[in-house]
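Note sheet for the following structure.
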Amino acid sequence: MMRPTVIAGLVLLAVMVTGLFELKYEVRALYQERAVLHGRIAEEEETLRVLKAEWSFLNQPDRIQEYARRYLALGTPIVRQIGGIDRIPFRAPDDEVAQAAVEARTAR
Amino acid sequence: MNGRDAHYDRKRGLRRLVHLEGVAKQAIDISHVRLIAVAAGFALCFVIIAGRLIGLAALAPANESTAIPAEVRQLKAERAEVVDRNGVLLASNVRAVSLFANPRKVMNADQATTQLVSVLPGLNRASLQRKLSSDRGFVWVKRHLSPRQQDSVNRLGIPGLEFVDEERRVYPHGRLAAHVVGFTGIDNEGLEGIEKGLDASLVAGHDVRLSIDARVQHALRAELMASVEEFQAIGAAAIIMDAHNGEILGMVSLPDFDPGAMSKVSTDDRRFNRATLGVYEMGSTFKAFTTAALLESGTANLNDTYDASKPLHVAHFTINDDHAKNRWLSVAEVFQYSSNIGSARMALDIGTEGQQQFLRSLGLLDRPSLEIPEVGAPDLPSPWREISTMTVAYGHGIAVSPLQMVRAYGVVVNGGHDVTPTLLARDDGDRAVPKRILSEHTSQTMRALLRLVVDEGTGHQAQAEGYLVGGKTGTAEKPCAGGYCRKALLSSFVAAFPINDPRYVVFVALDEPQGNERTSNFAGAGWTAAPTTSRVVSRIAPLLGVAPTTRTLSATADSLLVSVRKGG
């Protein structure tokens, strides 16, 4: 009567010991993987910080102003160029536009 | 042995056996029970372990993620960032490598020194040699190396030298907001500006969002630099403040410095913050407070007149007018023509106590508070005699900082509400109901008077096309040994725009400007600070979303003047 219990117990023990070891190694592997990932995240964050600082550096108004002056055919906006949306007239209806286009063509 | 004996023996043996059996049975029973108990105990333990194993294997991933890993927390612990109101990065950290040595392990200090100096220019040879030959276990060789420098030191292969990763503070916008942001020392400890004022919060990892707008700051600084150049001034200061919530959108002090190249506190003039730490006798800009105090006290209205027909003699002093009209002037005219005599007489009507009380309510008599430590306390007349009351009326004998001026003007023009200048961006939600300091009516009258000065007074050159600017000039002679210097001026202009409903207050001051051909050699505020203000307003108004108005200047002035001349 004792023997099946003992055998069952031993089998259970063996299974559990194996399971425990498996789990332990798995945990260790995961832990290492986590450390690697955290290292990579830290690196990425550092890179992000450097890029953000560089972006900010390149966006210095002084610098952009100088490039705008050198490469763009744009001047300083004057007051007359600033206005509200209500000052822009509505577009003429399509048939009128088409009519005007036809007239322009025939006139030429 | 015969049968009986055997029987006897057997019987005795039996009897003995039975007896023995009783004892043994007892012992066996006890051990049996113990065995079961122990087995049950073990079984229980194994069941618990098995259960825990199953639990860990099956359920662990779900509850593991709740804990914050140590590494992540460590990343957050570095010094926080400083950004402007729109999130433009003004101060951050990058990783930098520093080189240190263990002199006990350095075998040939002379040779090591020679090699290091050859790859790291800027090292002091003598002091490095002394450090490397010392008997200490740790000396810094050089902090914050570039990757190339690190590589070349590595190639030398000198034993006893080691690298360590450090965080280095960087300021991507350089000089742009130098006096606001401040700078840190070599160990990232805040030394000036916000870096010092909010050091604890930055160290704790809380990012700081300033009220400064980098674009406004740039426009302000560029225009101020142009004026310093044009008028050969020794310095300049400017502040732009939101008159309603006190947010400082731009603050410049010239000359300035590159915070990335700073590491020590010193008395260098470039580090001196003229906008908040410097206190100056402001001159005529103070007349706005005298006029407002008079109107507020109710002792006079705009049409009451004061005798400005001849200089005023008090004790050993003579009070003169720069733009003398030599007649009786109304309160409005005293302001418009910037009459010292009239202002002094007005102050006498207000009285010393009334004047002090009014100036204190505008924050002009106490050291203001701001998020940076470089904040100067005003210089007050002591004792405050009657003559002090008269000179303070036109801004002499009292020295205050530009920061105090923008706050006081903010209150005067914003409808009379108290306003506290701040360098931190405010949420619209946390605006408490502000304390009333002036009546709405007085504030409106002051707006009209300020517009009058720009429209047909000393501030004419502050006009900006399309924007309604109101303001007051202030030209003060700087104190010299034994009196005032005729040639050393502080020319300032305080403006508010749009003056019909002021949203922003602009202060511009030039320290010792020199007149030039264009200004017919005048260096007064109307010729120097006023046109600077005009350019600043024209540049920043579109950035701040202030729509240009098509209302013609004279029409506006007329409607305002009508109210002024009616006795407002």
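By convention in this document, chain letters (A, B, ...) are assigned in the order of the sequence lines, proteins followed by strands, and residues within each chain are numbered from 1.
When the shell of 6.0 Å around CD of A:Gln81 is examined, it contains more than 12 heavy atoms from other residues, nucleotides or ligands. Applying the 6.0 Å contact sphere to CZ of A:Arg70 captures more than 12 heavy atoms from other residues, nucleotides or ligands. Around atom CD of B:Glu465, no more than 12 heavy atoms belonging to other residues, nucleotides or ligands sit under 6.0 Å away. Environment of CZ in A:Phe57: sparse, with no more than 12 heavy atoms of neighbouring residues, nucleotides or ligands closer than 6.0 Å.
Atoms CG and CZ, on A:Asp62 and B:Arg175 in that order, are 10.5 Å from each other to the nearest 0.5 Å. Between the CZ atom of B:Arg95 and the CD atom of A:Glu45 there is a distance of 10.5 Å, given to the nearest 0.5 Å.
For chain B, the nearby part of A:Leu13 is the side chain; its heavy atoms alone come within less than 4.5 Å. For a residue to count as touching a neighbouring chain, one of its non-hydrogen atoms must lie under 4.5 Å from one of that chain's; by this rule B:Glu81 touches chain A with the side chain only. Neither the backbone nor the side chain of A:Glu22 comes within less than 4.5 Å of any heavy atom of chain B.
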Using the rule given for side chain to side chain contact (heavy atoms under 4.5 Å, CB included), can you reason through A:Lys52 versus B:Ser92, listing the C-alpha separation, both sets of side-chain angles and the distance that settles it, and then say yes or no?
CA-CA 9 Å; A:Lys52 265 171 72 185; B:Ser92 181; over 6 Å; no

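Of the listed residues (B:Asn93, B:Val170, B:Val88), the greatest number of heavy-atom pairs within a distance under 4.5 Å of chain A belongs to B:Asn93.
Counting heavy atoms from C-beta outward, B:Glu167 and A:Arg49 have side chains that approach closer than 4.5 Å. Using a 4.5 Å cut-off on side-chain heavy atoms (C-beta onward), B:Tyr467 and A:Val79 make contact. Side chains of B:His173 and A:Ser56 form a contact here, defined as non-hydrogen atoms less than 4.5 Å apart.
For residues 39-50 of chain B, the interface with chain A (any heavy-atom pair closer than 4.5 Å) comprises B:Phe46, B:Ile49, B:Ala50, sorted by residue number. Scanning residues 534-545 of chain B against chain A with a 4.5 Å heavy-atom cutoff picks out B:Arg539, B:Pro542, ordered by number.
A donor-acceptor contact closer than 3.5 angstrom is absent between the side chains of A:Gln60 and B:His218.
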